[in-house]
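Quick note: numbers below take in every heavy atom, side chains included, and nothing from hydrogens, waters or symmetry partners.
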Amino acid sequence: MVELQATNLSKREHYHLLTRAVAPRPIAFVTSQSKEGVLNGAPFSYFTIVSAEPPLLMISVQRKDKQMKDTARHIIDSGECVIHIVDETNVEKINQTASALPRDESEVDTFGFTRVKSQHVKVDGVKEARIRMECVLDTHTIVGDESADLIVFRVVHYHLVDAIFDGTVIDNEQLRPVTRLGGQSYSKLGEMFELVRPN
């Protein structure tokens with residue numbers, strides 16, 4: 001058994017350990033809008049469900065040199081965003097949006113996504129996602145040594161394509177979600193099995 005004292009590790013060492021240990025991780029593609037009206041798009045694998053009642057989702061946006069990134073700033077300023085689920089049909093295109101672009105340039109437009117108007121928020125979504133969720137800001141917390149913005153959203157509207165949803169349940173085999181592993185590695189949906197939870 002290898003023993004590692006956390007306080008002796010660098011940020012990079014923690015990153016490599018955590019992103020490979022806490023895996024696979026779902027990926028959210030988040031669109032947000034600046035005060036100037038620029039539609040930002042960025043992928044996040046520090047992403048999860050917080051609650052079903054109320055319907056809450058969370059992302060963690062890592063800061064660079066303790067400076068807030070555009071996605072976090074836009075969401076905190078506007079109180080809105082759209083979260084899309086990354087799947088096999090869009091993962092390569094969404095990966096391009098991780099590029100560092102000038103603040104006045106939209107990743108959504110630069111990389112050829114199709115904008116779709118939202119019903120309850122001012123932020124556009126993208127047509128290339130099979131699931132998109134319109135969200136409003138619930139909670140924002142600066143965590144660590146000002147190293148990340150932890151953002152919790154309330155879902156106010158769901159958009160799901162017919163092929164993956166029967167009106168009650170999402171068909172994961174049709175959705176074909178993609179997850180993030182460590183480094184440059186991703187994973188597709190593998191073998192599925194069921195377990196009955198005990199009473």
Side-chain angles (χ1 to χ4, degrees), residues 15-16 18-32 39-62 69 71-72 75 80-99 107-108 111-116 118-119 121 123-136 138 148 150-197:
Y15 176 80
H16 286 306
L18 290 170
T19 57
R20 285 167 169 79
V22 185
R25 298 183 308 281
I27 309 167
F29 178 63
V30 181
T31 54
S32 60
L39 186 63
N40 177 270
F44 295 90
S45 64
Y46 293 5
F47 164 57
T48 193
I49 302 166
V50 175
S51 167
E53 183 54 46
L56 300 177
L57 301 171
M58 183 209 75
I59 63 168
S60 174
V61 184
Q62 304 303 291
K69 289 186 179 176
T71 296
I75 291 167
E80 301 178 335
C81 71
V82 181
I83 294 182
H84 310 73
I85 300 300
V86 178
D87 63 55
E88 290 182 41
T89 68
N90 59 32
V91 63
E92 291 188 16
K93 195 168 187 176
I94 286 173
N95 183 54
Q96 293 178 316
T97 67
S99 303
E107 293 85 357
V108 172
F111 297 109
F113 287 91
T114 308
R115 293 185 182 219
V116 181
S118 294
Q119 304 233 357
V121 300
V123 181
D124 288 348
V126 300
K127 186 177 181 181
E128 287 76 9
R130 296 178 179 190
I131 297 176
R132 68 182 190 276
M133 295 169 276
E134 299 178 25
C135 299
V136 295
D138 182 89
L150 189 69
I151 305 175
V152 177
F153 316 93
R154 182 185 294 253
V155 180
V156 294
H157 196 90
Y158 297 89
H159 302 266
L160 307 100
V161 298
D162 293 338
I164 67 161
F165 189 60
D166 66 5
T168 304
V169 177
I170 291 172
D171 184 336
N172 282 311
E173 290 184 336
Q174 291 296 322
L175 174 61
R176 295 188 291 159
V178 172
T179 60
R180 184 78 190 273
L181 303 173
Q184 309 277 350
S185 299
Y186 292 77
S187 178
K188 298 178 182 179
L189 189 65
E191 180 184 352
M192 296 173 60
F193 63 96
E194 296 186 5
L195 290 174
V196 177
R197 295 189 67 170

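A distance of 11.5 Å separates CD1 of I151 from CG of D138, quoted to the nearest 0.5 Å. Here K69 contributes atom NZ and N40 contributes atom CG; the two are 11.0 Å apart, rounded to the nearest 0.5 Å. A distance of 11.0 Å separates CD in Q174 from CG in L189, rounded to the nearest 0.5 Å. Here CD1 of I27 is found 6.5 Å from OG1 of T179. Values are rounded to the nearest 0.5 Å. Rounded to the nearest 0.5 angstrom, R180 CZ and S185 OG are separated by 8.5 Å. Note: R115 CZ to L39 CG = 4.5 Å, rounded to the nearest 0.5 Å.
When every heavy atom of S60 is checked against every heavy atom of L150, the shortest pair comes out as CB-CD1, 4.2 Å. For I59 against V61, the heavy-atom pair with the smallest separation is CD1-CG2, 3.6 Å. Of all heavy-atom pairs spanning A42 and T71, the tightest one is CB-OG1, 3.8 Å. Between C135 and V156, the shortest heavy-atom distance links the atoms N-CG2, 4.3 Å. For the pair S32 and I75, the tightest heavy-atom approach, listed with the atom from each and the gap, is CB-CG1, 4.0 Å. Between G182 and R20 the shortest heavy-atom distance is CA-CG, 3.7 Å.
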Trace of the side chain to side chain contact (heavy atoms under 4.5 Å, CB included) decision for V30 with F47: CA-CA 10 Å; V30 181; F47 164 57; over 6 Å; no
Worked check of side chain to side chain contact (heavy atoms under 4.5 Å, CB included) between R130 and I85: CA-CA 7 Å; R130 296 178 179 190; I85 300 300; over 6 Å; no
query: Passes side chain to side chain contact (heavy atoms under 4.5 Å, CB included), Y46 versus R25? Steps please.
result: CA-CA 7 Å; Y46 293 5; R25 298 183 308 281; 4.2 Å; yes
Full working for side chain to side chain contact (heavy atoms under 4.5 Å, CB included) between I49 and L57: CA-CA 5 Å; I49 302 166; L57 301 171; 4.1 Å; yes
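The aromatic rings of F29 and F113 sit parallel, their planes meeting at an angle under 30°, below the 60° perpendicular limit.
Contact of the V136 side chain with the V121 side chain is registered, since non-hydrogen atoms from C-beta on lie closer than 4.5 Å. Two residues are said to be in side-chain contact when any heavy atoms from C-beta on lie closer than 4.5 Å; H84 and I94 fail this criterion. When side chains are defined from C-beta on, P43 does not count as touching V86, because their heavy atoms never get closer than 4.5 Å.
Using modelled atom types, one side-chain atom of E134 and one backbone atom of Q119 make a donor-acceptor pair closer than 3.5 Å. Not a single donor-acceptor pair under 3.5 Å links the side chain of E107 to the backbone N or O of T97.
The number of heavy-atom neighbours closer than 6.0 Å to CG of L18, taken from other residues, nucleotides and ligands shown, is above 12. By the neighbour-count criterion of 12 heavy atoms within 6.0 Å, atom NZ of K93 is densely surrounded, having more than that number from other residues, nucleotides or ligands. Within 6.0 Å of CG in D162 there are 12 or fewer heavy atoms belonging to other residues, nucleotides or ligands.
Paired with F165 under the rule side chain to side chain contact (heavy atoms under 4.5 Å, CB included), one option of D171, I131, L175, I170 passes, and it is I170.
In the model, T114 has a side-chain atom that pairs as donor or acceptor with a side-chain atom of E128 under 3.5 Å.
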